[in-house]
Participant: 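The structure under discussion is supplied below as structure tokens; questions concerning it will follow.
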Amino acid sequence: MKERTKTETKTKSLLSVLLVVILLLLCLTPTALAAPEQPLLQISSVTFNPATVSPGKEFKMVVTLTNHGDYDAHNVTLDVLSQSGATDLGVFSMVGSGSHFYREEIPSAESATIEIPMVTSPNAEAKNYNLNLQINCETSGGSVYNFTETVGIVINESDSMSIIAPDRFVLTENDKGVTPVEFEIANFGSNPVRGVQVSVSADGVDFTKDYQYYGTFEKDDNDDFSADVTTPETGEFPGKITVKYMDSFNNERMIEKAITIVSEEATSQSTESGEENFFQKFLRVVFGIGA
């Protein structure tokens, strides 16, 4: 009889412990978050057309709104308010009908897109900008809900470097008996650029130098490229000038300019002429004698 009583007591103790453990587990297990009993509009994606936003260019910001609430959103409006930290849009301007956009309805668990046409200032600095947006909607019962959002827009650099060169180079010998081709490169952008390098080429034409590395160009910096040209034939020879560099966002950039080299007579540099020029340079550097 005593053994039976002890067994029943142990069984009841085990059941009590098991019940306590189950209750603890239920308390610690997170419950699933239910969708709010209202419309809940949030920006689920922002894309741009064209994908790269550049100074002085028009673009469209495509905003996708998703309703995460249990209730349908009616009379949805989106307003582009201002650039963060400013009272206006700063380097941005609206294009077309203004900064107010309307959608009649976004049902629960569904999305809608809004295209926002804009333009950037030609003097806009290349960096990230934040815009403040205001989203409003109503329920079918007339309750009003407001949501604020901030979106980032990266203004990338336009082509900072420029090639200042004629379309056609007519070859003529200078007073030293060589035929030079000369042009200029410059940084007319709003940011410094790095790793600037220039190459020039043309079919049927030989250059004494067809490549040069310059390095960093600050804003408004410029420099010259010069090379002597030889060609055994007369005629017009198509070619191109290429400038490569890294912009301030570490993007590799390349610009090209098509040129035509016009040779009205065959040009060549004789060995004698080359030796004479070297000797003249030697006298100038060592003895200061002008040639």
Participant: Mind checking side chain to side chain donor-acceptor pair (under 3.5 Å) for Ser82 and listing every partner two or more places apart, or none if nothing turns up?
Facilitator: Asn132
Participant: Keeping the roles fixed (side chain from Ser226, backbone from Glu182), state whether a donor-acceptor pair exists under 3.5 Å.
Facilitator: no
Participant: Considering only Ile, Leu, Val, Met, Phe, Trp and Tyr, and joining two whenever side-chain heavy atoms are under 4.5 Å apart, list the other residues clustered with Val154.
Facilitator: Phe249
Participant: Could you work out, with side chain to side chain contact (heavy atoms under 4.5 Å, CB included) as the rule, every residue matching Val95, not counting sequence neighbours?
Facilitator: Glu58, Pro117, Val119
Participant: Look up atom CD1 in Ile241 and atom CZ in Phe183, then write down how far apart they are to the nearest 0.5 Å.
Facilitator: 4.0 Å
Participant: So, using side chain to side chain contact (heavy atoms under 4.5 Å, CB included) as the criterion, who are the partners of Asn222 when residues are at least two apart?
Facilitator: Glu184, Ala186
Participant: Which pairs with one or both residues in residues 101-110 pass side-chain hydrogen bond (donor to acceptor under 3.5 Å, both in side chains), sequence neighbours excluded?
Facilitator: Asn75-Tyr102
Participant: Using the test side chain to side chain contact (heavy atoms under 4.5 Å, CB included), find all partners of Asn123 that sit at least two apart in sequence or belong to another chain.
Facilitator: Ser121
Participant: Whether the side chain of Asp79 engages the backbone of Leu81 through a donor-acceptor N/O pair (distance < 3.5 Å, no angle test) should be reported.
Facilitator: no
Participant: May I ask you to check whether Gln197 and Tyr245 show a side-chain donor-acceptor distance below 3.5 Å?
Facilitator: no
Participant: Roughly how far apart are Glu233 CD and Ser263 OG, rounded to 0.5 Å?
Facilitator: 9.0 Å
Participant: I'd like to know whether Leu171 forms a side-chain contact (heavy atoms from CB on, under 4.5 Å) with Glu264, so could you lay out the CA-CA distance, the side-chain angles of the two residues, the decisive distance to 0.1 Å, and finally the verdict.
Facilitator: CA-CA 7 Å; Leu171 301 183; Glu264 297 177 347; over 6 Å; no
Participant: Test your reading of the model: is there a side-chain donor-acceptor pair from Asn187 to the backbone of Glu218, 3.5 Å cut-off?
Facilitator: yes
Participant: Give a yes or no on whether the backbone of Phe237 and the side-chain of Asp203 come within a donor-acceptor separation of less than 3.5 Å.
Facilitator: no
Participant: Treating Glu157 as the side-chain partner and Ser248 as the backbone partner, does any N or O pair qualify as donor plus acceptor under 3.5 Å?
Facilitator: yes
Participant: Treating Ser199 as the side-chain partner and Tyr211 as the backbone partner, does any N or O pair qualify as donor plus acceptor under 3.5 Å?
Facilitator: no
Participant: With a 6.0 Å cut-off (strictly less than), is the heavy-atom count around NZ of Lys257, excluding the residue itself, greater than 12?
Facilitator: yes
Participant: Side-chain contact test, heavy atoms from C-beta onward, threshold under 4.5 Å: evaluate it for Val200 versus Thr242 and give yes or no.
Facilitator: no
Participant: Can you find a pair of side-chain heavy atoms, one from Thr113 and one from Val63, that are under 4.5 Å apart?
Facilitator: no
Participant: So do the side chains of Leu65 and Val76 get within less than 4.5 Å of each other, counting heavy atoms only?
Facilitator: yes
Participant: How far does CD1 of Ile114 sit from CZ of Phe101, to the nearest 0.5 angstrom?
Facilitator: 8.0 Å
Participant: Quick check: is Met94 connected to Ile155 through a chain of hydrophobic side chains (ILVMFWY, heavy atoms under 4.5 Å apart)?
Facilitator: yes
Participant: Please examine the side chains of Asp70 and Gln38, heavy atoms only from C-beta on, and report whether any two atoms are closer than 4.5 Å.
Facilitator: no
Participant: Go through the structure and list residues passing side chain to side chain donor-acceptor pair (under 3.5 Å) with Ser44, not counting sequence neighbours.
Facilitator: Thr66
Participant: With the 4.5 Å side-chain cut-off for hydrophobic clustering, are Ile116 and Ile43 part of the same group?
Facilitator: yes
Participant: So, do Val151 and Met61 sit near enough that their side-chain heavy atoms are less than 4.5 Å apart?
Facilitator: yes
Participant: Under the salt bridge (charged side-chain N to carboxylate O under 4.0 Å, His left out) rule, collect the residues that match up with Glu115, sequence neighbours excluded.
Facilitator: Lys60
Participant: For the atom pair NZ (Lys209) and CG (Asp228), what is the distance rounded to the nearest 0.5 Å?
Facilitator: 9.0 Å
Participant: Compare every heavy atom of Asp72 with every heavy atom of Pro39, then report the nearest pair and how far apart it is.
Facilitator: CG-O, 3.5 Å
Participant: My understanding is that only residues two or more places apart in sequence, or in another chain, count here; which of them pass side chain to side chain donor-acceptor pair (under 3.5 Å) with Asp88?
Facilitator: none
Participant: Is any side-chain heavy atom of Ile163 less than 4.5 Å from a side-chain heavy atom of Ile255?
Facilitator: yes
Participant: With Asp223, which residues qualify under side chain to side chain contact (heavy atoms under 4.5 Å, CB included), at least two apart?
Facilitator: Tyr214, Phe217
Participant: Tell me every residue that passes side chain to side chain donor-acceptor pair (under 3.5 Å) with Asp247, counting only those two or more places apart in sequence or in another chain.
Facilitator: Asn251, Arg253
Participant: Kindly compute the distance separating CD (Glu256) from NZ (Lys240), expressed to the nearest 0.5 Å.
Facilitator: 4.0 Å
Participant: For the CD atom of Glu37 and the CG atom of Leu40, what is their distance to the nearest 0.5 Å?
Facilitator: 13.0 Å
Participant: In a check of side-chain contact (heavy atoms from CB on, under 4.5 Å) between Val193 and each of Lys219, Met161, Met246, which one passes?
Facilitator: Met161
Participant: Suppose the criterion is ring-ring contact (aromatic ring centres under 6.0 Å, His included): which pairs have a residue in residues 104-162, not counting sequence neighbours?
Facilitator: Phe92-Tyr129
